[in-house]
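The analysis underlying the following values was restricted to heavy atoms, covering all of them including side chains, and did not include hydrogens, waters or symmetry mates. Chain identifiers are assigned alphabetically (A, B, ...) following the order of the sequence lines, protein sequences preceding nucleic acid strands; residue numbering begins at 1 within each chain. Bear in mind that the values here come from a model prediction, so they are computed numbers and not experimental data.
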Number of protein chains: 2
Amino acid sequence: MERDIQIVVIEDDEIIREGYALLISRTEGYQVVNTYASFDEAAKTITNDYPDVILLDIELPGTNGIQAIPRLKKLLPHAYILILTVYESEKTIFEALASGASGYLTKNTPAAKIVESIREVKDGGGPMSVNIARMVIRSFQKNQESPLSKRETQILEQVAEGKSRSQIAKDLFIDLETVRSHIKNIYLKLDVNSRADAIKTAKENKLI
Amino acid sequence: MERDIQIVVIEDDEIIREGYALLISRTEGYQVVNTYASFDEAAKTITNDYPDVILLDIELPGTNGIQAIPRLKKLLPHAYILILTVYESEKTIFEALASGASGYLTKNTPAAKIVESIREVKDGGGPMSVNIARMVIRSFQKNQESPLSKRETQILEQVAEGKSRSQIAKDLFIDLETVRSHIKNIYLKLDVNSRADAIKTAKENKLI
DNA sequence: AAACAATCACCCTTATAGGGTGATAAATAA
DNA sequence: TTATTTATCACCCTATAAGGGTGATTGTTT
């Protein structure tokens, strides 16, 4: 006999909060054990709720959702955190994932999908809404119309790994001066004059 | 009146290939216009198929799937490429996404999900199987038990951006010598003695 | 024929990196 | 409460690396 999945909802908007609680509790096998309007409020008693999964909003009064993630992790190391928010900015998503969130869903996600995602997260995975997956995929795709040649891109990648010119020369079996020459051309094309700026510009334009 | 979604399947195993073709064609609105056993074979005539979506296997004889992606992109810039494979290695997935694949599904994906994913891709998105999403999420999550302090991590991140000591000092409003000192401690903790090695080790252990 | 790509060469100066050694105040942990 | 870690700064040193300038050669692609 399996125990119900214990869920806690942290979301400041009462309507949304109770809405989630209701629709999740309606599904068999899922139980919302508590709801909070902020992390600061939750922090006091959430350890007594023993949640398996925490639904967490990003836009919270006081401690925001991103800041809350590591602190929730510390309070409840075995709970999975599912971000449920309207924000879809690349930076926010990556911050949340890097901070330890197990998944990321947008608020327009249909109820059935949310319940399914909770199950997926609980089973050790990481669900992503289609919008988020889209964004993550896009973040991996390099710019196809790079001004840099293949070789230049390859060398810039090594520069971004912190390698010195001579290290790059050794690794590519070419002369030190050739590496220099490529880097000069890279600087020209990107209109920069330092490694840091080249890396920055290249990343902004997804050249590397 | 909408036109059927035109699909091409490139997959070397005949059983699997025809299996996909059959199950996709059975769905209304989806039409498999051609199938190929390899990219090299497909390259000759695929432009006459005018596919909207290409289902592409990674393990192909001759030109493999990863190599095929940029070449397919060149032949058919507007076609979406959906990787459908058994491989789940992080490197392979990221290579495929970086090369321009629009999505990544594993072969154990149920038929209905594949059809749904084709629709999602066609509508401009990027579906990911749960396994893949899981892996991508994991790849974003930093190691929680880093040997580095917060400040050290922050400085190492800037080193990885190609910044010089003095640039880092300026940006953090601390002395040049302090930056040096931190970097020395980072080297000690990571047992390295160069920027490149520190970056490499840190990335391998997801410290940055 | 012209443009681009990849290769190498030698001029130059300043900044940078990394090793060694040590100190101090504050925060955190044992 | 003591011990350890963290964050801060200082000065010794040398070899190397970075970046600017200028130019040349050999292919490849257009």
Side-chain angles (χ1 to χ4, degrees), chain A residues 70-71 73-75 77 142-202 207-208, chain B residues 43 70-71 73-75 77 142-202 205 207-208:
Chain A
R71 300 177 58 182
K73 277 263 164 193
K74 210 160 196 177
L75 290 172
K142 289 192 186 163
N143 190 338
Q144 308 280 308
E145 300 102 43
S146 171
L148 303 180
S149 72
K150 268 193 180 175
R151 195 58 151 177
E152 285 163 353
T153 304
Q154 182 186 27
I155 283 173
L156 186 50
E157 272 164 1
Q158 307 215 22
V159 168
E161 286 167 12
K163 289 188 186 175
S164 69
R165 295 172 187 165
S166 55
Q167 279 177 297
I168 296 172
K170 267 179 208 151
D171 291 356
L172 296 182
F173 306 105
I174 55 179
D175 195 276
L176 173 63
E177 284 301 323
T178 305
V179 176
R180 283 205 62 196
S181 172
H182 282 304
I183 293 180
K184 283 181 203 175
N185 287 330
I186 293 168
Y187 286 5
L188 260 179
K189 289 186 180 176
L190 301 187
D191 190 28
V192 297
N193 55 6
S194 74
R195 292 165 90 89
D197 286 344
I199 293 170
K200 187 160 169 277
T201 301
L207 308 181
I208 57 169
Chain B
R71 301 176 59 181
K73 277 263 165 193
K74 209 159 196 178
L75 291 171
K142 288 192 186 161
N143 190 339
Q144 309 281 310
E145 300 102 45
S146 171
L148 303 181
S149 73
K150 268 192 181 178
R151 195 57 149 177
E152 286 164 353
T153 304
Q154 183 186 26
I155 284 173
L156 186 51
E157 272 164 1
Q158 307 215 22
V159 168
E161 286 167 10
K163 290 188 187 175
S164 70
R165 295 173 188 165
S166 55
Q167 279 177 297
I168 296 171
K170 266 179 208 154
D171 292 355
L172 297 182
F173 306 105
I174 55 179
D175 196 274
L176 174 64
E177 283 302 324
T178 305
V179 176
R180 284 204 61 198
S181 173
H182 282 304
I183 293 180
K184 284 180 201 174
N185 287 328
I186 293 168
Y187 286 6
L188 260 178
K189 289 186 179 176
L190 301 188
D191 189 30
V192 296
N193 55 4
S194 74
R195 292 163 89 88
D197 286 344
I199 294 169
K200 188 161 169 276
T201 301
N205 296 290
L207 308 181
I208 56 170

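If you measure from atom CZ of A:Phe173 to atom C1' of C:dA6, you get 17 Å, rounded to the nearest angstrom. As a whole-Å value, the separation of B:Lys163 NZ from D:dG19 P is 15 Å. B:Ile183 has its CD1 atom 16 Å from the C1' atom of D:dT6, to the nearest Å. Taking atom CD on B:Glu177 and atom C1' on C:dT24, their separation rounds to 15 Å, with Å as the unit. Atom-to-atom, CD1 of A:Ile186 to C1' of C:dC4 comes out at 15 Å; the value is rounded to the nearest Å. Straight-line distance from the CG atom of A:Asp191 to the P atom of D:dG19: 15 Å, rounded to whole Å. The distance from atom CD of B:Glu152 to atom P of D:dT4 is 18 Å, rounded to the nearest whole Å. In this structure, A:Lys150 places its NZ atom 15 Å from C1' of C:dC4, rounding to the nearest Å.
Within 6.0 Å of NZ in B:Lys189 there are more than 12 heavy atoms belonging to other residues, nucleotides or ligands.
Each of D:dC9, D:dG19, D:dA7 was ranked by its minimum atom distance to the side chain of A:Arg180; first place goes to D:dG19. Minimum atom distance to the side chain of A:Ser149 is reached by C:dA6, of the listed D:dA10, C:dA6, C:dG18. Among C:dG19, D:dA7, D:dC9, the nucleotide with an atom closest to any side-chain atom of B:Tyr187 is C:dG19. Closest to the side chain of A:Ile174, out of D:dA7, C:dT7, C:dG18, is C:dT7. Checking D:dG20, D:dA7, C:dT21 against every side-chain atom of A:Lys184, the shortest atom distance belongs to D:dG20.
Taking all atoms of both residues into account, the shortest heavy-atom contact from A:Thr178 to A:Ile174 is CG2-CD1, 4.0 Å. Between A:Ile199 and B:Gly162, the shortest heavy-atom contact is CD1-CA, 3.7 Å. Here the closest heavy-atom approach between residue A:Tyr187 and residue A:Ser194 is recorded as OH-C, 3.3 Å.
Between B:Leu172 and B:Val179, every side-chain heavy-atom pair lies at or beyond the 4.5 Å cut-off. B:Gln154 has its side chain out of reach of B:Lys150: every pair of non-hydrogen atoms, C-beta onward, lies at least 4.5 Å apart. Taking the side chain as every heavy atom from C-beta outward, B:His182 and B:Ile168 never approach each other to under 4.5 Å. B:Leu207 is listed as a side-chain neighbour of B:Leu190, based on a closest heavy-atom distance under 4.5 Å.
Remark: A:Asn185 is not in phosphate contact with C:dA5, judged by side-chain N or O atoms under 4.0 Å from OP1 or OP2. Checking the phosphate oxygens (OP1, OP2) of C:dT7, a side-chain nitrogen or oxygen of A:Arg151 falls inside 4.0 Å. At least one side-chain nitrogen or oxygen of A:Lys189 sits closer than 4.0 Å to the OP1 or OP2 atom of C:dA5. Note on A:His182: every side-chain N or O is 4.0 Å or more away from OP1 and OP2 of C:dA5.
Residues of residues 164-171 of chain B having a heavy atom closer than 4.0 Å to DNA chain C, listed by number: B:Ser164, B:Arg165, B:Ser166.
Of the residues near DNA chain C, B:Ser181 and B:Asn193, the one whose nearest nucleotide (by heavy atom distance) lies more toward the 5' end is B:Asn193. Each of B:Pro147 and B:Asp175 was assigned the nucleotide of DNA chain D with the nearest heavy atom; the assignment lying further toward the 5' end belongs to B:Pro147.
No N or O donor and acceptor, one from the side chain of A:Arg195 and one from the base of D:dG19, sit under 3.5 Å apart.
Nucleic acid contact for B:Thr178: base, since at least one base atom lies under 4.0 Å from a heavy atom of the residue. Contact annotation for A:Ser194: backbone-only contact, meaning every heavy-atom pair under 4.0 Å involves sugar-phosphate atoms and none involves a base.
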